[in-house]
Amino acid sequence: MAQTTPARRPASRVARPGADDATTETPSRVRTPAEARRRRRLRPAHVALIAVLVVVLALAGAAAGGFAWLRWFSADDAADIQGTWYLAGTSTPITITEDRIRLTDDVSYGYTLDPETKTFELGFGNLAGGGRYRFSLDRDELALVDGRFTGGDTLGADVGWTVRALIEKIQGNELAPEVQAEKGVTLLSRTPSTTVPSAAPSSGNAGSAGTAGAGDATGAGGSGAGTGAFDNDVSDGAGTEAEGPDTADAADTAEESDASDTTDVADAADTSDPAEDR
């Protein structure tokens, strides 16, 4: 009698944690139509804002780079400051060498220049002083301002002046490096003035025109050529204030001499031919 093998029932498949679970996707949350519209509205605004920020940063970087190049790398201050300058509005020369500022054959100052901070130091015997300097954009004018300045002081002042100077340049004008009538300002030019003073100051007025020690000398005959950077804020080694030689007085003396020579020539011309007067 044949034996029959009982049929095996298929084993039930038991779900076990394994690799199959990793492929199971979590259904995403369904967004409402209002949320979808809001996302579509914000995306262009974000793009526009980012674009504006990028443009602003690019312009700011370009402006900062241009200013840095113009202030520190476009020229050599130590070389450009050398040569013959003239007190603005006069024909009185001042010669600047590599290490000295020569006012006359007998009067000169030793100086050192710091192109990084745009400041200078003056020395005359045991006296010392200093200030800051600035060239015009075309390097044909130079302003020396007496006082004590840090690199931050000169940087802040130069930023505003450079913006104004560039605007004037676009309009076809050249902005002076400093206001000539300001106290303590010496304004120099590469070109002498051909303007003849209307009248020579008397010896009593010459000192007041120079105002030595006040730092606001007006220069030749009160014409406004300041030389304050050379006669103010000078101290000796002990820290006491003292006056350096006044370049304004030197300029006044030169102008008085020229005016006196002109008067003498005119008087000689008037008395040379009595017959013409008769």
Side-chain angles (χ1 to χ4, degrees), residues 58-103 108-123 128-182 184-194 219 224-230 232-233 247 251:
L59 291 176
F67 173 77
W69 176 83
L70 188 64
R71 189 173 194 259
W72 286 296
F73 305 108
S74 64
D76 185 351
D77 290 352
D80 290 346
I81 202 172
Q82 298 180 42
T84 300
W85 296 87
Y86 299 88
L87 292 174
T90 75
S91 57
T92 304
I94 292 179
T95 303
I96 300 180
T97 65
E98 183 179 357
D99 56 357
R100 300 200 71 80
I101 300 176
R102 190 171 300 280
L103 308 179
S108 67
Y109 293 85
Y111 79 96
T112 57
L113 207 64
D114 186 352
E116 296 296 324
T117 61
K118 305 298 179 182
T119 58
F120 64 91
E121 295 292 332
L122 290 174
R132 63 179 174 87
Y133 69 92
R134 180 189 294 149
F135 286 93
S136 60
L137 290 183
D138 60 4
R139 317 291 285 186
D140 282 342
E141 288 185 296
L142 172 65
L144 304 176
V145 183
D146 70 325
R148 298 299 180 186
F149 302 95
T150 64
D153 296 334
T154 60
L155 179 62
D158 286 351
V159 168
W161 179 86
T162 302
V163 172
R164 296 194 304 272
L166 290 174
I167 293 175
E168 292 289 334
K169 192 76 171 180
I170 293 174
Q171 297 174 351
N173 303 319
E174 194 70 36
L175 184 65
E178 281 291 342
V179 179
Q180 185 172 339
E182 288 289 338
V185 174
T186 299
L187 189 59
L188 305 177
S189 174
R190 285 293 190 187
T191 306
S193 175
T194 57
T227 53
F230 298 109
N232 191 29
D233 197 19
T247 56

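Just the heavy atoms: all of them, side chains too, but no hydrogens, waters or symmetry mates, feed the values below.
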TODO: Side-chain contact test, heavy atoms from C-beta onward, threshold under 4.5 Å: evaluate it for Ile94 versus Ile101 and give yes or no.
DONE: yes
Open item on the list: Could you work out, with side chain to side chain donor-acceptor pair (under 3.5 Å) as the rule, every residue matching Glu168, not counting sequence neighbours?
Closed with: Asn173
- [ ] Mind running side-chain contact (heavy atoms from CB on, under 4.5 Å) on Arg132 and Asp153 for me, showing each step along the way?
- [x] CA-CA 9 Å; Arg132 63 179 174 87; Asp153 296 334; over 6 Å; no
Task: Pro177 versus Leu187, closest heavy-atom pair with distance - done: CG-CD1, 3.7 Å
Task: Basic-acidic side-chain contact under 4.0 Å: Asp158, Lys118 - done: no
Task: Heavy-atom closest contact (Thr191 atom, Tyr86 atom, distance) - done: C-CD1, 4.0 Å
Open item on the list: Please evaluate residues Val185 and Val179 with respect to the criterion side-chain contact (heavy atoms from CB on, under 4.5 Å), reporting the C-alpha separation (whole Å), side-chain torsions for both, the decisive distance (0.1 Å), and the verdict.
Closed with: CA-CA 8 Å; Val185 174; Val179 179; over 6 Å; no
TODO: Identify whether the distance between the nearest side-chain nitrogen and carboxylate oxygen of Arg190 and Glu141 falls below 4.0 Å.
DONE: no
Open item on the list: With a 4.0 Å cut-off on N to O distance, would you call Asp77 and Arg139 a salt bridge?
Closed with: yes
TODO: Measure across Phe149 and Thr154 and return the closest heavy-atom pair with its distance rounded to 0.1 Å.
DONE: CB-CG2, 4.1 Å
- [ ] Measure across Glu174 and Asp138 and return the closest heavy-atom pair with its distance rounded to 0.1 Å.
- [x] OE2-N, 3.3 Å
Open item on the list: If you compare all heavy atoms of Glu116 against all heavy atoms of Arg71, which two are closest, and at what distance to 0.1 Å?
Closed with: O-NH1, 3.7 Å
Task: From OG1 (Thr84) to CG (Leu188), nearest 0.5 Å - done: 11.0 Å
Open item on the list: Could you check whether Ser108 and Arg100, counting side-chain N and O atoms only, form a donor-acceptor pair closer than 3.5 Å?
Closed with: yes
Task: Pair Phe120-Ile81, side-chain contact (heavy atoms from CB on, under 4.5 Å): steps then yes or no - done: CA-CA 11 Å; Phe120 64 91; Ile81 202 172; over 6 Å; no
TODO: Evaluate the criterion side-chain contact (heavy atoms from CB on, under 4.5 Å) for residue pair Leu137 and Leu70; output intermediate values, then yes/no.
DONE: CA-CA 9 Å; Leu137 290 183; Leu70 188 64; 4.1 Å; yes
Task: Student check: side-chain heavy atoms of Tyr133 and Thr186 closer than 4.5 Å - done: no
Open item on the list: Is there a side-chain contact between Thr112 and Asp99 in this structure, where contact means two heavy atoms from C-beta onward sitting under 4.5 Å apart?
Closed with: no
Open item on the list: Closer than 3.5 angstrom, by distance alone: can the side chain of Trp161 be matched with the main-chain N or O of Ser136 as a donor-acceptor pair?
Closed with: no
Open item on the list: Does the plane of the ring in Phe135 sit parallel, tilted or perpendicular to the ring in Trp85? Use 30° and 60° as the thresholds.
Closed with: tilted
